[in-house]
A.B. asks: 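One structure, as structure tokens, below. Some questions next.
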Amino acid sequence: MEKTGVNFLPRKTFLSQTEKLVCKKFGVLKGYGFLNALENMIAAPGGCGYYMKLHKTTYVSIAQELQCDVAYVRNIIRYLLDIGYYDLELFKKFHILEKI
């Protein structure tokens with residue numbers, strides 16, 4: 001049986017070091033807000049639940065959903081990969097975002 005998202009996504013009550021870096025670089029609302037919204041999109045029913053496959057249209061979809069421009073989406077996702085929030089090797093090999 002294939003997993004198709006989750007109905008409940010638990011939240012922790014503290015920021016990890018990588019989340020703090022995101023807040024420092026992009027601000028709490030634009031950085032952490034983006035991060036939470038992206039995780040909600042990854043976990044949403046109809047999604048894979050644990051990762052998101054990225055391609056050109058995915059960046060556009062994320063930008064439209066979060067009402068920001070595609071350059072911002074690419075920039076913050078690149079940063080999240082660079083600081084180790086998402087697995088860089090899986091991204092390079094399979095073009096997916098998956099948390100380490």
A.B. asks: Are Phe26 and Leu35 close enough that some pair of their side-chain heavy atoms sits under 4.5 Å apart?
C.D. replies: no
A.B. asks: Can you name the residues that form a side chain to side chain contact (heavy atoms under 4.5 Å, CB included) with Leu21, not counting sequence neighbours?
C.D. replies: Tyr79, Ile83
A.B. asks: Who passes side-chain hydrogen bond (donor to acceptor under 3.5 Å, both in side chains) against Asn75, sequence neighbours left out?
C.D. replies: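 If we apply the side-chain hydrogen bond (donor to acceptor under 3.5 Å, both in side chains) test to Asn75, skipping adjacent residues, there are no hits.
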A.B. asks: Treat each ILVMFWY residue as a node, draw an edge where side-chain heavy atoms are under 4.5 Å apart, and state whether Ile42 and Val70 are in one component.
C.D. replies: yes
A.B. asks: Just jot down the side-chain hydrogen bond (donor to acceptor under 3.5 Å, both in side chains) partners of Ser61, sequence neighbours excluded, or say none.
C.D. replies: none
A.B. asks: Looking at side-chain heavy atoms only, is the closest gap between Ile62 and Leu54 below 4.5 Å?
C.D. replies: yes
A.B. asks: Give, for atom CG of Leu88 and atom CG of Leu80, the distance between the pair rounded to the nearest 0.5 Å.
C.D. replies: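 Leu88 atom CG to Leu80 atom CG measures 11.5 Å (nearest 0.5 Å).
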A.B. asks: Side-chain donor-acceptor pairs under 3.5 Å in residues 91-100, sequence neighbours left out?
C.D. replies:
{"residue": "Lys99", "atom": "NZ", "partner": "Glu39", "partner atom": "OE2", "Å": "3.4"}
{"residue": "Lys99", "atom": "NZ", "partner": "Tyr85", "partner atom": "OH", "Å": "3.0"}

A.B. asks: If you look only at pairs with a residue in residues 23-35, which of them pass as a side chain to side chain donor-acceptor pair (under 3.5 Å), with sequence neighbours excluded?
C.D. replies: none
A.B. asks: So, using side-chain hydrogen bond (donor to acceptor under 3.5 Å, both in side chains) as the criterion, who are the partners of Thr57 when residues are at least two apart?
C.D. replies: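 Checked Thr57 against side-chain hydrogen bond (donor to acceptor under 3.5 Å, both in side chains); matches are His55.
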A.B. asks: Is there a path of hydrophobic side-chain contacts, each under 4.5 Å between heavy atoms of I/L/V/M/F/W/Y residues, joining Val22 to Leu15?
C.D. replies: yes
A.B. asks: According to the salt bridge (charged side-chain N to carboxylate O under 4.0 Å, His left out) rule, which pairs have a member within residues 54-70, sequence neighbours left out?
C.D. replies: none
A.B. asks: Would you kindly confirm whether Tyr86 and Leu90 end up in one hydrophobic cluster when ILVMFWY residues are joined by side chain heavy atoms under 4.5 Å apart?
C.D. replies: no
A.B. asks: Determine whether Met41 and Tyr50 fall in the same hydrophobic cluster, where Ile, Leu, Val, Met, Phe, Trp and Tyr are linked whenever their side-chain heavy atoms lie under 4.5 Å apart.
C.D. replies: no
A.B. asks: For Arg74, which residues count as a salt bridge (Lys or Arg N to Asp or Glu O under 4.0 Å) partner, sequence neighbours excluded?
C.D. replies: none
